[in-house]
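Below: one structure, written as structure tokens.
Please read these numbers as outputs of a predicted model, since none were measured by experiment. Reckoned from all heavy atoms, side chains included, excluding hydrogens, waters and symmetry mates. Each chain gets a letter, A, B and so on, in the order its sequence line appears, and its residues count up from 1.
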Amino acid sequence: MQRYVNIAYATLVYAFLYFPIVILIVFSFNDSTYSLAWHGFTWRWYEKLADNDVLIEVALNSVTIGVLAASLATVLGTLGAVALYHYDFLGKRLVNGLVFVLIMSPEIVMGLSLLTLFVTVQKVAALISESLDASLGFISVLLSHVTFCTPFVIVTVLSRINGFDRHLIEAAKDLGASEFYTFRKVILPLLMPAVVAGWLLSFTLSMDDVIITQFVSGPDYELLPLRIYSMVKRGITPEVNALSAIMFVATLVIVAIAQALLKENKQ
Amino acid sequence: MSEFVIEVKGATKTYGKNTVLHGVDLQVRRGEFLTLLGPSGCGKTTILRLLAGFETPTSGQVILDGKDVSHDPPEERHVNTVFQSYALFPHMTVFDNVAFGPRIQGVNGADLEGRVMEALRTVKLDSFAQRRPDQLSGGQQQRVAIARALVNKPLVLLLDESLSALDYKLRKAMQIELKQLQRQLGITFVFVTHDQEEALSMSDRVVVMNTGTIQQIGTPREVYETPANLFVAKFVGEINLLEASVAAVHGDGRYTIDIHGRRFELGARRSFAAQQAVNVLVRPEDLRIWRAGEPRAEDVAQTIEATVEEVIYKGSTVDLMVRLATGEALSATQFFNEDDPVFGNLDYKRGERVEVDWVPGWEVILPHD
């Protein structure tokens, strides 16, 4: 009896969490443009999606920004976390606190402040030379994404680095290792799971960011979430459902890969 | 080549307002097993870290093999450390852990294999080369840490409380093994511990420390039998402390000492003035208990009355707590004597009246402080 109660309870929990996504995926196969009633199975929307060059270009933009921003943020964040752990420098406590301020600060504030910054840069660039082009676009989006991802990497890596034996670094140096050798052979391998987790976290954050991107992307550069957002304004089409379903499956695959990697690392 | 492999000259270490080492002078001889002994916070680990290069002295010098290395980083010093936590690299096999140092020195191929396996054989772990540290027991991890340090053939091996994480039996076994290893390899060991028994049983010389200063340096026998001050006497082994005063000075180190109105004719290495307050220190195993009717040894001159308060059977000995009329409690370790059927079985009763003295000449007299 207890067992059935447990199963029922677990089913309810999973249903609560995943039912909306299931609905979305189911309707992406619905053979009807507007109706919310079931009209039979079709691949039509996926085929239409494959023909939509604009959408594919925007998706590629998103992936490009996601991969680049996650990679840059991971490098910066990992180095930052190691510095915060290993070295003493002026303003260390301030930096430590500011990392959390960045994580907590409302996205709308961050978007606005980044926009102000880029506009100022534009003005300054225009003053220096007419030919300097600092208009909003790829670069400003990339820099913004790196900015909001880096603190998450720092926190992820720092929490792991704080968990390990301080003597490990001393042991490496005691055995004759230079700073760089210690970093490469001892610190980095031990941090790898956190570094991978930081990268994946950054990639997801970058992939689904709407608010900040909306501020800094400018008229000619668009990312997928923004595109979906504007498509939905004209009503939810099965095409959007299909696109979202693909994104969901892609996320699932990435999480699965991450889990596998982390498991391998442990052995 | 100097007799000393390490010389510490006037080393002081301060952290902000906190001084943890006060001008320490220390010489370590080549090939000796030297132990830094003291309670936690006495500065023993700081000295070790100064030697390893993890800390630099605020003032003073550290001289390694005739060269001033006070400000050299650890990677440039030819000493290696065995950490209390072992600090084995968890992501590497035992082999790679041990090979870490030689690889940096540019050793590779068959050469590397040979050196690493030889080091592992020294600590009897050659069949564990491909294991990970977390697949080893505490004692085995300890050995890997030792092998990882020894494989670099250091001038000095530094061991920081290296046995304290092991359980009692394993610790005893490792003590003997470490001592044998040190003798066999002829490498200088500097060992840090707060366990006085460990210090006495392993070392050639013991450095007793307290509050950032060296209290005494000597062989285990010297620090146990002739402690330089009350701290050393109390820290190294158990000791009974009797309040006394100098009643008369006879010259040649002979004194009449007044202990609670009883006069004892005693010798001392130090000189004391008449009427000076002193402490007479006697180890529990040197204290003798005389029961009513028990035949006394010939050298009994003077005794103090006491009452048996506690009898603790220890298997090989019987430990007594006796209280003097003045309220001072003394502990005495008594050994069984099979040749004495009446008194040899030590069946003391609580509340029994006894008389106490000690083996003449085994007391230590120190100025009162």
Quick one: closest heavy-atom pair of A/A177 and B/E75, and the distance? O-CB, 3.6 Å
If we define contacts as heavy-atom pairs under 4.5 Å, which of A/K173, A/H167, A/E170 has the most with chain B? A/E170
Does A/I7 have more than 12 heavy atoms from other residues, nucleotides or ligands lying within 6.0 Å of its CD1? yes
Smallest separation among heavy atoms of B/H91 and A/L190, with atom names: ND1-CD2, 3.4 Å
Does the side chain of A/V186 come within less than 4.5 Å of B/F100's, by heavy atoms? yes
Heavy atoms of other groups near A/F180 CZ, more than 12 under 6.0 Å: no
I'd like to know which of B/V79, B/I104, B/L88 tops the heavy-atom pair count under 4.5 Å against chain A. B/I104
Within a radius of less than 6.0 Å around CZ of A/F19, do more than 12 heavy atoms belonging to other residues, nucleotides or ligands occur? no
Proximity breakdown for B/N152 and chain A, heavy-atom pairs closer than 4.5 Å: side chain
Among the listed options B/P73, B/G53, B/P90, B/A145, the residue most often paired with chain A at heavy-atom distances under 4.5 Å: B/P90
Pairwise distance CZ(B/F89) to CD1(A/I187) - rounded to 0.5 angstrom: 10.0 Å
Which heavy atom of B/S85 sits nearest to which heavy atom of A/D165, and what is that distance? OG-OD2, 2.8 Å
B/A52 to A/D174 - nearest heavy-atom pair and separation: CB-OD1, 4.3 Å
Atom NZ of A/K185: over 12 foreign heavy atoms under 6.0 Å: no
